[in-house]
Number of protein chains: 2
Amino acid sequence: MPEPIPAPGEPKARRRAGRPMAAVLDQDGITAAALELISKKGYDGLTMAALARSLGVAPSALYNHVSSKDEVLKLVEEDLMSKVDFGGFSTLPWEEAVRQWAYSYRGIFARHTPLISVIAVLPVTDAPQTLAMYEAVTEGFLRAGFPEKQIIPSIVALEAYIFGAAFDANAPADIFDSGRLADSTPHFTSAVRSLGPERNNYPSDLAFSMGLDALITGLGALRTQPN
Amino acid sequence: MPEPIPAPGEPKARRRAGRPMAAVLDQDGITAAALELISKKGYDGLTMAALARSLGVAPSALYNHVSSKDEVLKLVEEDLMSKVDFGGFSTLPWEEAVRQWAYSYRGIFARHTPLISVIAVLPVTDAPQTLAMYEAVTEGFLRAGFPEKQIIPSIVALEAYIFGAAFDANAPADIFDSGRLADSTPHFTSAVRSLGPERNNYPSDLAFSMGLDALITGLGALRTQPN
DNA sequence: GAGATAAATGAACGTCATTCATTTATTGGT
DNA sequence: ACCAATAAATGAATGACGTTCATTTATCTC
């Protein structure tokens, strides 16, 4: 019995120094623990110490499996990308496929905005899930009749919109409250008020839908063959 | 002579403890120093210690004028907002005014992406420059014949796109290099290659232009009165 | 003039990511 | 089957960084 079963009364059985018989850590486990930590404590709670703690390990042990906290973020990003629903591109009309994809994409990253600054600049090389998504989306655009040269720019434009909208989705309801300066911004203040009976009704979802429709219509016009 | 002229040979004349006769700091000076620091060393170089150093002051002195580093970021943001060119809304046709505004907005924040996470969620209350911009843009939309209720969502959608595109503008040229996984993503890889003779030609500007045109066309269709 | 307040210094704190020496277990080559 | 190299853990240490606090000095207000 080299593996003493952790007695319920004594969860504190500390590992002694040295390599354990069975590896405790790997990248998948680190990724899963990071995701759970983020969902429970947010990105402020994601520290190397907290991550190590949740894995029952000393912080320095993490560095045998990842080179930095940034790499942890990259692992999380890849995992999230695999959850984006791009299935519509093989079954639905292009417009609906884009809409489904965009909503799924925004929904996921709205709760992970701190990753966006990382993703937007992260080379796609060695990011298999991200590449799989791009491949499926590209295929959908081809099938819909887009000229090859228009596809990447169109995807980039859509992604930019999705990322921006993900930030938006976290804005507080009173973000457009002009407060003491309402008098000097009459048109804006009135436009904000026109949105609903309750003041400060932030239109994040409405805006997302409107802009997405505009993009779909505008980009869709680039197709050379119908459907 | 209460103010000893700093002798050129001795720039190190340290201030002794206690309130100086003339105040050394104020919010405007802090903002300007922060902007210069950012432009020289980037956002990683913007630390309270470095900021204090560039102002010839102890770090703790900053806290007599700002309550936190986050407030410094808010001050910088307001300053940048005042540089966004929204002048077209009072002189140009709506489409061109939006284009000019969007390009200016993106151009400025592309070099300040770390602020975007702050801005996107920051209430507009007590942000006069930001409010001034919104007021001018709202007026432009009204003049162009937009129904009042559509204006804020349209602006929000455009801003989301602009912020996302600002991130994009910082992506490395090889961001779409599929590397060893090129074989498993043939359509995507081909679409990327179709963009130019040199591999990995990142189409940030082209994409921005395409998406912006689509948004302008799509949102413009919401107008009820022409021009 | 005296007390309150404002604006600076300098020391100190707590947190965080990261590194290093050390210990122990496994793996690969001869 | 040994032995060197490597892998995976601990624990101590480091250096940044944001922030707080006691203290000092100057100005403002009653």
Side-chain angles (χ1 to χ4, degrees), chain A residues 1-4 6 11-31 33-34 37-38 41-76 114-115 117-118, chain B residues 1-4 6 11-31 33-34 37-38 41-76 114-115 117-118:
Chain A
M1 284 169 204
E3 185 80 33
K12 302 232 157 204
R14 262 187 217 85
R15 213 178 346 263
R16 73 178 188 282
R19 177 177 182 159
M21 303 186 193
V24 180
L25 297 178
D26 59 29
Q27 289 202 339
D28 284 353
I30 291 173
T31 307
L37 197 50
I38 289 162
K41 313 269 183 173
Y43 276 85
D44 285 350
L46 179 65
T47 67
M48 295 302 270
L51 186 53
R53 196 173 185 291
S54 80
L55 288 159
V57 131
S60 53
L62 295 169
Y63 290 86
N64 288 320
H65 301 269
V66 293
S67 65
S68 65
K69 183 177 180 179
D70 242 60
E71 191 173 348
V72 174
L73 294 180
K74 287 177 197 170
L75 291 171
V76 170
L115 286 183
S117 9
V118 179
Chain B
M1 285 172 203
E3 185 79 33
K12 303 232 155 205
R14 263 188 216 83
R15 212 182 345 266
R16 73 179 187 284
R19 177 178 183 158
M21 303 185 192
V24 180
L25 296 179
D26 58 28
Q27 288 201 340
D28 284 354
I30 290 173
T31 306
L37 197 50
I38 289 162
K41 314 268 183 173
Y43 275 85
D44 285 349
L46 180 65
T47 68
M48 295 302 270
L51 186 54
R53 198 175 184 288
S54 80
L55 287 159
V57 130
S60 54
L62 295 169
Y63 290 86
N64 287 320
H65 302 268
V66 293
S67 64
S68 65
K69 181 178 180 179
D70 242 60
E71 191 173 349
V72 175
L73 293 179
K74 286 178 197 170
L75 291 171
V76 170
L115 286 183
S117 11
V118 179

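Predicted, not measured: the structure shown is a model, and the values here were computed from it. A note on names: the letters A, B, ... follow the listed sequences, proteins ahead of strands, and every chain is numbered from 1.
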Check whether any side-chain heavy atom of [X] sits under 4.5 Å from a side-chain heavy atom of [Y], and report yes or no.
| X | Y | answer |
| --- | --- | --- |
| Leu75(B) | Asp28(B) | no |
| Val76(B) | Tyr43(B) | yes |
| Val72(A) | Leu51(A) | yes |
| Arg15(A) | Val57(A) | yes |

For [X] and [N], give me the distance from atom [atom1] to atom [atom2], rounded to whole Å.
| X | N | atom1 | atom2 | answer |
| --- | --- | --- | --- | --- |
| Leu62(A) | dG11(D) | CG | P | 14 Å |
| Arg53(B) | dA16(D) | CZ | P | 13 Å |
| Asp70(B) | dT19(D) | CG | C1' | 13 Å |
| Leu25(A) | dT10(D) | CG | C1' | 12 Å |
| Met21(A) | dT26(C) | CE | P | 7 Å |
| Tyr63(A) | dA7(D) | OH | C1' | 18 Å |

How is Ala61(B) classified with respect to the nucleic acid when contacts are heavy atoms under 4.0 Å: base, sugar-phosphate, or nothing?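 The answer is base, as Ala61(B) lies within the cut-off (heavy atoms under 4.0 Å) of a base atom.
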Below 4.0 Å: OP1/OP2 of dT10(D) and any side-chain N or O of Arg15(A):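 Yes, such a contact exists.
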Can you see if the side chain of His65(A) gets near the phosphate of dA7(D) - specifically, an N or O under 4.0 Å from OP1 or OP2?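 His65(A) to dA7(D) OP1/OP2: no side-chain N or O under 4.0 Å.
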Which letter, B, S or -, goes with each nucleotide of nucleotides 11-16 of chain C from 5' to 3', with contact meaning a protein heavy atom under 4.0 Å? -----S
Using residues 60-68 of chain B as the side-chain source, report each donor-acceptor pair under 3.5 Å to any protein atom, sequence neighbours left out, with the distance given to one decimal.
residue	atom	partner	partner atom	Å
Ser67(B)	OG	Glu71(B)	OE1	2.9
Ser68(B)	OG	Asp70(B)	N	3.4
Ser68(B)	OG	Glu71(B)	N	3.3

Measure from the side-chain N and O atoms of Arg53(A) to the backbone N and O of Ala58(A), and report whether any donor-acceptor pair falls under 3.5 Å.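 Judged by distance alone, no pair lies under 3.5 Å.
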hbond_proxy Asn64(B) side chain to dA8(C) base (donor-acceptor, 3.5 Å cutoff):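 It does, because a donor-acceptor pair links the side chain of Asn64(B) to the base of dA8(C) below 3.5 Å.
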